[in-house]
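Working notes, beginning with the structure itself.
Every value quoted in this text rests on a predicted model; they were computed, and no experiment measured them.
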Amino acid sequence: MFLRDEALFSALRAKYPNGAIAEVSVAGSEVIVRSARPGILIGKAGKVAEEIIAWLRAERGPETTLRIEEIRRAEVNAVLVADAVVMKLARDVPLPRSVDLQAELALRAGALGCRIVVSGGATHEFLAGVTVGDESSFTASAEWQPPFMVDENDNEIPPPPQVGPPKVF
């Protein structure tokens, strides 16, 4: 049985922001990291992977093992799509253009439909989004929650734990 580990997910994403980490699961003593860019997490001659294993063994125990899996179609992974939209907004790409581009990439990659909703300060406190593709393929469970939320005083609020595989559109 695989359980998502939000603490490891947040820590690894903070330590390796270019690693395109989409999910961290735990099965017994094995930690499974799913990434669209596994080469960054492995490193030259496996040095980065050895650092991650040493850190995991310090956190979780000496029997902990690491398995890094590649995500072949990052365009249909909800976490990675959300990250791509955020990175485009950080580079001052207009919101409608960044959302439309990611939705189009998801459809080209084989998704039946895509719904991207952006809210918060970037949208002046209103929802902006795009829905493309087959409407019947959308469910409420296909929405991804970010690793943290911010309240009115800019304090981080931890989300409720998510159990199961990442939600894919």
Side-chain angles (χ1 to χ4, degrees), residues 4-25 32-44 47-49 51-52 55 68-135 137-162 165-169:
R4 283 191 70 172
D5 193 324
E6 293 297 324
L8 287 177
F9 177 73
S10 297
L12 285 173
R13 281 176 58 96
K15 191 167 184 176
Y16 302 101
N18 295 331
I21 297 172
E23 178 189 5
V24 176
S25 326
I32 302 143
V33 178
R34 296 188 72 228
S35 170
R37 300 168 88 189
I40 291 176
L41 299 177
I42 295 170
K44 192 177 273 190
K47 293 201 185 255
V48 176
E51 291 174 10
I52 295 172
W55 177 74
I68 299 174
E69 294 180 352
E70 180 181 10
I71 297 174
R72 299 228 182 249
R73 297 187 321 167
E75 296 86 9
V76 296
N77 186 292
V79 175
L80 299 178
V81 167
D83 285 346
V85 170
V86 168
M87 289 169 65
K88 283 180 177 48
L89 290 175
R91 290 184 302 194
D92 292 331
V93 175
L95 177 65
R97 180 182 173 126
S98 62
V99 170
D100 288 342
L101 177 65
Q102 284 308 122
E104 184 180 331
L105 288 174
L107 291 179
R108 283 187 192 169
L112 297 176
C114 181
R115 177 183 293 157
I116 300 173
V117 178
V118 180
S119 66
T123 60
H124 304 291
E125 301 304 324
F126 65 91
L127 296 178
V130 62
T131 301
V132 293
D134 181 18
E135 279 289 328
S137 65
F138 301 131
T139 62
S141 64
E143 296 174 6
W144 175 76
Q145 294 294 322
F148 65 89
M149 297 185 307
V150 180
D151 64 6
E152 62 275 353
N153 297 327
D154 291 333
N155 297 321
E156 289 185 12
I157 302 171
Q162 296 179 357
K167 310 300 189 248
V168 178
F169 296 32

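Going from atom OG of Ser98 over to atom CE of Met87 covers 12.0 Å, rounded to the nearest 0.5 Å. The structure places CG of Leu41 at 4.5 Å from CD1 of Ile21, a figure rounded to the nearest 0.5 Å. The structure places CD of Glu6 at 9.5 Å from CD of Glu23, a figure rounded to the nearest 0.5 Å. Between atom CG of residue Leu89 and atom CG of residue Leu95 there is a gap of 5.5 Å, rounded to the nearest 0.5 Å. Rounded to the nearest 0.5 angstrom, Gln102 CD and Asp83 CG are separated by 10.0 Å. The NZ atom of Lys15 lies 12.0 Å from the CG atom of Leu8; values are rounded to the nearest 0.5 Å.
Between Ala103 and Ile116, the shortest heavy-atom distance links the atoms N-CD1, 3.8 Å. Considering all non-hydrogen atoms of both residues, Val81 and Ala74 come closest at CG2-O, 4.2 Å. Between Ala106 and Val76, the closest heavy-atom pair is O-CG1, 3.8 Å.
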Begin from the C-alpha positions of Phe9 and Val79 and carry the test side-chain contact (heavy atoms from CB on, under 4.5 Å) through to its verdict. CA-CA 12 Å; Phe9 177 73; Val79 175; 4.2 Å; yes
Might you work through the side-chain contact (heavy atoms from CB on, under 4.5 Å) test for Ile42 and Val48, ending with a clear yes or no? CA-CA 5 Å; Ile42 295 170; Val48 176; over 6 Å; no
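With salt bridges taken as basic N to acidic carboxylate O contacts below 4.0 Å, none links Lys47 and Glu51.
In this structure, the side chains of Val33 and Glu69 stay at 4.5 Å or more apart for every pair of heavy atoms. Side-chain contact check for Leu101 versus Lys88: some heavy-atom pair is nearer than 4.5 Å.
No donor-acceptor pair under 3.5 Å is formed between the side chain of Arg34 and the backbone N or O of Val24.
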